[in-house]
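All remarks here apply to the structure that follows.
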Amino acid sequence: MLFVPEEEWARCSDDSDIVLEESETILNGGAVLDSVVKSPDSIVVVTRPLSRARFDSSVGAKYREQPVVRPEWVVDSLANRRLMPLDQYRYSFDEKKPEATKEPAKLEAADPHRADQRLVGFLSMGARGEKGRMGEFANNAKVVKRFEEAIRIYELMQFFDKNNAFRIKNYRLAISAIESLDRPLTSAQDLKPFGLDRGGIAQHVEEILQTGTFSKLETLKQQEMADERYQRMTQFKKIYGVGDKTAYRFVKAGYKSIQDIVHDQEMYASLTDAQKQGILHYDEWNERIPRTEVEAHHNFVVKEAEAIDTNLKVMLMGSYRRGAETSGDIDLIVYTEGVNEASQVHENLYKLTRRLQESGFIVCSMTEVSPAMHKFNGGCKLPGAQKCRRLDIIGIPHAELGASTIYFVGNDIFNRCLRLLAQIKGYHLSNKGLFLAADKSLVESFDERKILHTLGLDWVEYKHRNI
Ligand code: 8DG
Ligand code: MG
């Protein structure tokens, strides 16, 4: 069972955080791990067959009034990056089947509506499939894009004027409805099943479809341009390590520029090390890094690693591995062939980090550099280069190469879908490996293909993991 706090789903639209991990398995051998449940308003997702009696005796008292849905809702919400309308996904409790099975769920006869099969389809070719439909669904995409833009501006305004919550919710509902349509949008009448064929949303849909323009959005854009506070929010949120709350603190304090933050000694002292570095490297860290430069950084680290130990391997991960022309940062995995013991793994990462610091390549660090370190987050510069780039390194046991690669190649939506698929099938997937959910025994951690295969997937090319 998963618990998905509704407000977290509401935030999916800005792609900042879909918190499936944070609200993971609650029913664990019959014990309810209440502390994991973030909010009693959560939507309850039943991932294994469950009887009403079992539900009532475990979490029913707290969640009786909350929507209980099938995992297809999560699948479709992740695929669309939107909170889908709940009605068509309601869970009907299974009174016959026992739910406590120690075996991973077996695939039954093909049923295109089953969540696991839909996930397999989505993960194997979902991204390509969706893109292929874009032409035919151009009007749907056009309306969604305009509504998304309106939501973005309303969300900015929301910090200063709380009157827009219902508008944001209405636009989100409309987007969910449009994205769940299985045919091209031709008029607001198509949204009748969702009760959106009348009222403001219907008018906006008609206007966009008939004229290609959206006058409300134009007004909102003008309001955004006219109000400096909104622009400052956007500017401050681009500081590495700064989220909505801190950005709002800066705007409320009256800062107009990044320099204003630095000049307020008290405020500056209250910031985290990462935020301070984010301020220092504001321009550089907001720039995308060309693919060839990512490769140059990798080559540099590989040479330094070889100088320490020829068995110390460095692999590029992240968006680079998914074929991106530019990357936001440089993501590296480091392991030593045949080394799996944690203390040794940490020690080797430490040796490499120290060497990179001494050579002047690493110029700043946001994590403690010590013989117990398991990751490094900081900044680096190639010899003779002007620009500092963001660098993330994780040190892993060799035996976990496959699971770590899946995790660090991403993207995060691909990972979340994969973890959900694992859960539906009675497994638990993390960056450490694929485990049986029932007894936590390891199924596979080294071989990426085997992990995918166990979950019912053929090999998924990295470039097809941009979902
Ligand atoms: P970019 O740097 O070019 O912007 O894209 P990226 O390489 O895909 O993103 P990243 O922020 O560098 O993260 C690398 C991978 O880590 C990402 O593709 C998937 C994995 N990852 C998760 N969950 C999360 C998460 O919550 N935050 C981040 N930053 N990465 C995550 O699976
Ligand atoms: Mg990256």
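Any value given below was found using the heavy atoms of this structure, including those in side chains, with hydrogens, waters and symmetry copies removed. Note that the coordinates shown come from a computational prediction; the quantities given were computed from them, not determined experimentally. Atoms within each ligand, like the ligands themselves, are counted from 1 in listed order. The first residue of the sequence shown is numbered 1, and numbering continues consecutively from there.
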Ser319 side chain vs Ser327 backbone, donor-acceptor pair below 3.5 Å: no

- request: Hey, can you tell me if Phe250 and Phe236 have their rings parallel, tilted or perpendicular (30° and 60° cut-offs)?
  value: perpendicular

task: Just jot down the ligand 1 atoms closer than 4.0 angstrom to any heavy atom of Asn415, in number order.
output: 19 (C), 20 (C), 22 (C), 32 (O)

message: Heavy-atom pairs closer than 4.0 Å: do any link ligand 1 to the side chain of Tyr407, the backbone, both, or neither?
response: both

task: Decide whether an N or O pair under 3.5 Å exists between Arg288 and ligand 1.
output: yes

field: Exercise: do Gln259 and Ser257 side chains pair donor with acceptor under 3.5 Å
entry: no

message: Quick one about Arg354 and Gln357 (side-chain donor to acceptor, distance below 3.5 Å, no hydrogens or angles considered), yes or no?
response: yes

Part of Asp392 with heavy atoms under 4.0 Å of ligand 1, whether side chain, backbone, both or neither: neither

task: Give a yes/no verdict on whether any heavy atom in Met317 is under 4.0 Å from an atom of ligand 1.
output: no

- request: Identify, by atom number and element, the atoms of ligand 1 in contact range of Gly318, meaning under 4.0 Å from any of its heavy atoms.
  value: 7 (O)

field: Per-atom contacts of ligand 1 with Asp329, taking only distances under 4.0 Å to non-hydrogen atoms
entry: 2 (O), 12 (O)

field: Proximal atoms of ligand 1 relative to Arg322 (non-hydrogen, under 4.0 Å)
entry: 8 (O), 18 (O)

- prompt: If you measure from the Lys or Arg side-chain nitrogens to the Asp or Glu carboxylate oxygens, is any gap between Glu224 and Arg152 under 4.0 Å?
  reply: yes

query: What do you reckon, does Asn431 put a non-hydrogen atom under 4.0 Å from ligand 1?
result: no

message: Is the terminal nitrogen or CZ of Arg229 (NZ for Lys, CZ for Arg) located under 6.0 angstrom from the six-membered ring centre of Phe159 and within 45° of that ring's axis?
response: no

- prompt: So which of the N, O or S atoms of Asp329 lies nearest the Mg ion (ligand 2)?
  reply: OD1

field: Interatomic distance, Lys463 atom NZ to Arg322 atom CZ [nearest 0.5 angstrom]
entry: 14.0 Å

query: Can you list the ligand 1 atoms lying under 4.0 Å from a non-hydrogen atom of Phe408?
result: 14 (C), 15 (C), 16 (O)

- prompt: If you check every N/O/S atom of Asp331, which is the one nearest the Mg ion (ligand 2)?
  reply: OD2

query: Taking atom types as modelled and ignoring hydrogens, do the side chains of Glu284 and His281 form a donor-acceptor contact shorter than 3.5 angstrom?
result: yes

message: Any salt bridge linking Glu293 with Lys387? Criterion: basic side-chain nitrogen under 4.0 Å from a carboxylate oxygen.
response: no

- prompt: Touching ligand 1 at all, Arg390? Heavy atoms, strictly under 4.0 Å?
  reply: no

- line: Taking only non-hydrogen atoms of Asp331 and a 4.0 Å limit, the atoms of ligand 1 in range are 7 (O), 12 (O), 14 (C)

